[in-house]
Number of protein chains: 2
Amino acid sequence: MQRKLPQSNLYLREEELRRGIELLYFAYRDFTRDPDEILADSGFGRAHHRVLYFVKRNPGTTVSGLLSLLRITKQSLSRVLGQLVDDGYIEQKPGTEDRRQRLLYLTDKGEKFEADLFATQRQRVAQAYKMAGPEAVSGFWEVLLNIVDDSEREIVMRQLEK
Amino acid sequence: MQRKLPQSNLYLREEELRRGIELLYFAYRDFTRDPDEILADSGFGRAHHRVLYFVKRNPGTTVSGLLSLLRITKQSLSRVLGQLVDDGYIEQKPGTEDRRQRLLYLTDKGEKFEADLFATQRQRVAQAYKMAGPEAVSGFWEVLLNIVDDSEREIVMRQLEK
DNA sequence: TGTATTATGTCAACAACACTGACGTATCAG
DNA sequence: CTGATACGTCAGTGTTGTTGACATAATACA
């Protein structure tokens, strides 16, 4: 018998998939809202935030390091990075081993600004973690990691373990 | 004693928070990649996808319904919606009760296109669900829902239950 | 009936951020 | 010495968001 089971399963599955898709949209939209507001006051945008964030997390990283992490073009990165350097948020030091490289570090000003931006997301995510509980948080991480491209998962995991 | 515990907890907490923040960035980035490619071939962008998606999910919704769901300006929506109507993906019918309203529906062409776009994200999310397992999926939903703004949670939950 | 409000659309300007393509310089590696 | 690499730059383009102002039609209400 069971004529209707496959149909029913498919329907449930679709609902579950749409739920994930929608939550991802809404959560990401709100997740970026607080820092976006702070950034706008300083004449920066979301891209600046990402650069500050990943330089903070990977002090001494190079331009190509950022490029392969962010997966944007060097022209896009260059514009944003240049502004951050010009405005004194990021410092470039020539590589010791390979002098073509520019090692990137946050200045004190950059550290403070990043901390302000981080505080807003910290608050939001900490609250969500608290409401959902530790088991839910594990599941959250696991599903997200599996949504990442197969081809990117290695590099993402390396980043997470820093 | 436990002199070091609070410090240690804070450190762990920070790491956990950064993990969530980073995963959200990487997952969202890759999550939007497949549909973005298809859209580019048709001369559309991510905003068109969102409109198609939510009209599919809420057939007969109005412009203001979309506006309060997407939280963008009417000028932004109008441009994108206008293109989709002009190109025959979305159909507008005057409201029966309130004739100022334009009720929005996907045309057959729109249904097919949305299905193509959805298929890519369906595949990615289904795979992630499968790898992570049902408990992880619940946690994924729960954390994401709590990341959504308090002020938006009602409207998001109403959407999810459709 | 008349008036205020609502739903929607439109014109214009602007900014952020991504892209492509091409070219240039300094440095490294063999 | 030569080719590849790391990085920068100039120029153009497109999507998507914003603000502000104005217009039209339909509704709601006094």
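Numbered from 1 within each chain, the chains take letters A, B, ... in sequence-line order.
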Taking atom [atom2] of [N] as reference, at what distance in whole Å does atom [atom1] of [X] sit?
X	N	atom1	atom2	value
E97(A)	dA26(C)	CD	C1'	17 Å
K93(B)	dT8(C)	NZ	P	16 Å
L67(B)	dT10(C)	CG	P	14 Å
L81(B)	dT15(D)	CG	P	16 Å
L70(B)	dT16(D)	CG	P	12 Å
Q92(A)	dC7(D)	CD	C1'	9 Å
L39(A)	dG17(D)	CG	P	18 Å
D98(A)	dG30(C)	CG	C1'	15 Å

Phosphate-side-chain proximity, [X] and [N], N/O vs OP1/OP2 below 4.0 Å:
X	N	answer
T62(B)	dA7(C)	no
S78(A)	dC7(D)	no
Q101(B)	dT6(C)	no

Can you confirm whether more than 12 heavy atoms, excluding those of [X], are under 6.0 Å from its [atom1] atom?
X	atom1	answer
E135(B)	CD	no
M157(B)	CE	no
D41(B)	CG	yes

Check the angle between the aromatic planes of [X] and [Y] and answer parallel, tilted or perpendicular using the 30° and 60° thresholds.
X	Y	result
F54(A)	F26(B)	tilted
F44(A)	F113(A)	tilted
Y28(A)	F31(A)	tilted

Of V55(B), V51(B), N58(B), which is the lone residue that meets side-chain contact (heavy atoms from CB on, under 4.5 Å) with L104(B)?
V55(B)
The side chain of R100(A) lies closest to which of these nucleotides: dA7(C), dA4(D), dT6(C)?
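Among dA7(C), dA4(D), dT6(C), the one nearest the side chain of R100(A) is dA4(D).
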For nucleotides 15-19 of chain C, list the nitrogen or oxygen atoms of the protein found under 3.5 Å from its nitrogen or oxygen atoms, one pair per line.
from: dC17(C); atom 1: OP1; to: R46(A); atom 2: N; distance (Å): 2.3
from: dC17(C); atom 1: OP1; to: A47(A); atom 2: N; distance (Å): 2.8
from: dC17(C); atom 1: OP2; to: H48(A); atom 2: ND1; distance (Å): 3.3
from: dA18(C); atom 1: OP1; to: R50(A); atom 2: NH2; distance (Å): 2.4
from: dA18(C); atom 1: N7; to: R79(A); atom 2: NH2; distance (Å): 2.9
from: dC19(C); atom 1: OP2; to: T73(A); atom 2: N; distance (Å): 2.7
from: dC19(C); atom 1: OP2; to: T73(A); atom 2: OG1; distance (Å): 2.8
from: dC19(C); atom 1: OP2; to: S76(A); atom 2: OG; distance (Å): 3.3

